[in-house]
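Beneath this line is the structure, given in structure tokens, with notes to follow.
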Amino acid sequence: MKPVILLVLFSALSVLPPLYSADNFENARGSRISWARLKFPTTGYRRGDSLGWFYHPSGDVIIVDWLRKNTSMNMKLEWNIADIDRLDQMTDFPLLFLSGKGAIDATMRQKLNLKEYILRGGFLFVDDCVALRQIKEDLFFDSVKTLLREILPGIEMRKIPMSDGVFFTYYTITEWAHLQGINNGLWGAWYKGRLVALMNSSDLHCGWVGFHFSQRQRSFALKMAANIYVYSMYN
């Protein structure tokens, strides 16, 4: 390479910001993604409770911050709500987090919105928020499976073995460290060969918040969320 060309190239590079400077660090991490929780009606928990989908939102903020600090995902430092009544809001996000106490109680229009969201390539991360002890503790988990069977006839659902790639896609997880509620492990839902949802009833979300859980359980809950998010982007 000629000296003049080298001089010009060096001069051009010298005015560019370092790759990981504060100004362009976010762009260096790859495509921008955002976290969003789905808002939906529930029933069977507390009479008149319209916030069955909204318990412990601080957990969402914690997981967003943790994912930014502990993975290479370029996740915005924000928390979003996508209303099941608004398909335009839902389709802004490739993954929607569903956490609920009680059974999901969607109207026909809401069911059609959820179906359309999935058909357009959307993915569901379902985590059962443990209800009162006198109520079935995987009520939400079961209601989501029932809903998916209704809106997507022919959908296949099964428990995922610990040998599956979702347990190794980012962090290596060798044991399902159940937190609370009924331990159904991790379930997947496939529609026409595409994975459209990962579901559990172990209350990972409360592990993000902390509460009374051990450090081992909290670490598992955080790492499992990272694996699910990354895995969903590749399937």
Side-chain angles (χ1 to χ4, degrees), residues 32-42 45-46 49-71 73-84 89-90 92-104 122-133 135 137-144 166-167 169-171 173 175-187 197-233:
R32 210 82 198 269
I33 55 177
S34 296
W35 181 271
R37 180 191 286 233
L38 187 65
K39 176 183 177 182
F40 49 83
T42 59
Y45 178 53
R46 285 176 175 154
D49 184 2
S50 62
L51 297 176
W53 62 276
F54 190 68
Y55 281 86
H56 314 304
S58 62
D60 299 50
V61 177
I62 290 169
I63 193 63
V64 167
D65 185 57
W66 189 88
L67 291 173
R68 286 169 54 86
K69 291 177 179 177
N70 293 277
T71 75
M73 286 187 278
N74 186 6
M75 183 169 284
K76 293 182 181 179
L77 188 59
E78 64 181 28
W79 180 65
N80 301 280
I81 295 173
D83 195 321
I84 197 171
Q89 289 182 359
M90 297 168 65
D92 280 342
F93 307 98
L95 179 148
L96 290 174
F97 177 64
L98 285 71
S99 177
K101 291 190 177 183
I104 188 167
F123 186 88
L124 307 180
F125 175 2
V126 179
D127 182 49
D128 198 322
C129 189
V130 174
L132 298 171
R133 294 296 176 185
I135 296 176
E137 291 183 329
D138 57 354
L139 179 62
F140 179 68
F141 172 80
D142 283 344
S143 74
V144 173
V166 68
F167 297 107
T169 190
Y170 199 90
Y171 291 100
I173 296 174
E175 179 184 5
W176 184 264
H178 179 66
L179 280 77
Q180 62 182 7
I182 296 176
N183 186 6
N184 288 296
L186 186 66
W187 280 62
L198 285 170
M199 308 169 288
N200 79 95
S201 59
S202 289
D203 208 348
L204 300 179
H205 176 260
C206 279
W208 308 339
V209 179
F211 295 136
H212 57 277
F213 302 109
S214 68
Q215 185 58 43
R216 170 178 164 272
Q217 288 174 309
R218 294 179 65 185
S219 176
F220 162 75
L222 293 163
K223 290 179 178 179
M224 196 67 239
N227 278 20
I228 288 173
Y229 207 113
V230 173
Y231 194 76
S232 70
M233 296 300 108

Exam field: side chain [X] to backbone [Y], donor-acceptor pair closer than 3.5 Å:
X	Y	answer
Thr71	Leu67	yes
Trp208	Ala221	yes
His205	Ser99	no
Ser202	Leu179	no
Arg37	Ile81	no

Who pairs with [X] by side chain to side chain donor-acceptor pair (under 3.5 Å), at least two apart in sequence or on another chain?
X	result
Ser201	Asn184
Arg218	none
Tyr171	none
Asn80	Glu78

Atom pair [atom1] ([X]) and [atom2] ([Y]), whose distance is rounded to the nearest 0.5 Å:
X	Y	atom1	atom2	result
Phe220	Phe213	CZ	CZ	11.5 Å
Ile62	Leu222	CD1	CG	8.5 Å
Asp142	Asp128	CG	CG	8.0 Å
Arg68	Ile63	CZ	CD1	13.0 Å
Phe211	Gln180	CZ	CD	8.5 Å
Leu204	Cys129	CG	SG	11.0 Å

Applying side-chain contact (heavy atoms from CB on, under 4.5 Å), name anything that partners [X], two or more places apart in sequence or on another chain.
X	answer
Ala197	Leu124, Leu148, Ala189, Met199
Pro94	Met233
Ala82	Leu38, Gln89, Met90, Phe93, Leu96
Leu186	Ile160, Val166, Phe167, Trp176, Leu198, Asn200, Met224, Ile228

(request) Please name the pair of heavy atoms, one in Ser232 and one in Leu95, separated by the smallest distance, quoted to 0.1 Å. (result) OG-CD1, 3.3 Å

(request) List the atom of Ile173, the atom of Lys223, and the distance in Å for their closest heavy-atom pair. (result) CD1-C, 4.1 Å

(message) Check this for me, if you would: do Lys101 and Glu137 make a salt bridge, where the nitrogen-to-carboxylate-oxygen distance has to be below 4.0 angstrom?
(response) no

(message) Which residues pass the salt bridge (charged side-chain N to carboxylate O under 4.0 Å, His left out) test with Asp65, not counting sequence neighbours?
(response) Lys69

(message) Can you confirm whether or not the ring centre of Trp66 sits under 6.0 Å from the ring centre of Trp35?
(response) no

(message) Are Phe140 and Phe40 an aromatic pair, judged by ring center distance below 6.0 Å?
(response) yes

(message) Less than 4.5 Å apart, side chain to side chain, heavy atoms only: is that true for Val230 and Met73?
(response) yes

(request) Classify the angle between the aromatic ring planes of Tyr55 and Tyr45 as parallel (below 30°), tilted (30 to 60°) or perpendicular (above 60°). (result) perpendicular

(message) Between Val64 and Leu77, does the side-chain contact (heavy atoms from CB on, under 4.5 Å) criterion hold? Intermediate values first, please.
(response) CA-CA 7 Å; Val64 167; Leu77 188 59; 4.3 Å; yes

(request) Output all residues satisfying ring pair (Phe, Tyr, Trp, His ring centres under 6.0 Å) with Tyr170, sequence neighbours left out; order by chain, then residue number. (result) none

(message) My understanding is that only residues two or more places apart in sequence, or in another chain, count here; which of them pass ring pair (Phe, Tyr, Trp, His ring centres under 6.0 Å) with Tyr229?
(response) none

(message) Does anything in residues 202-211 form a salt bridge (charged side-chain N to carboxylate O under 4.0 Å, His left out)? List the pairs, not counting sequence neighbours.
(response) none

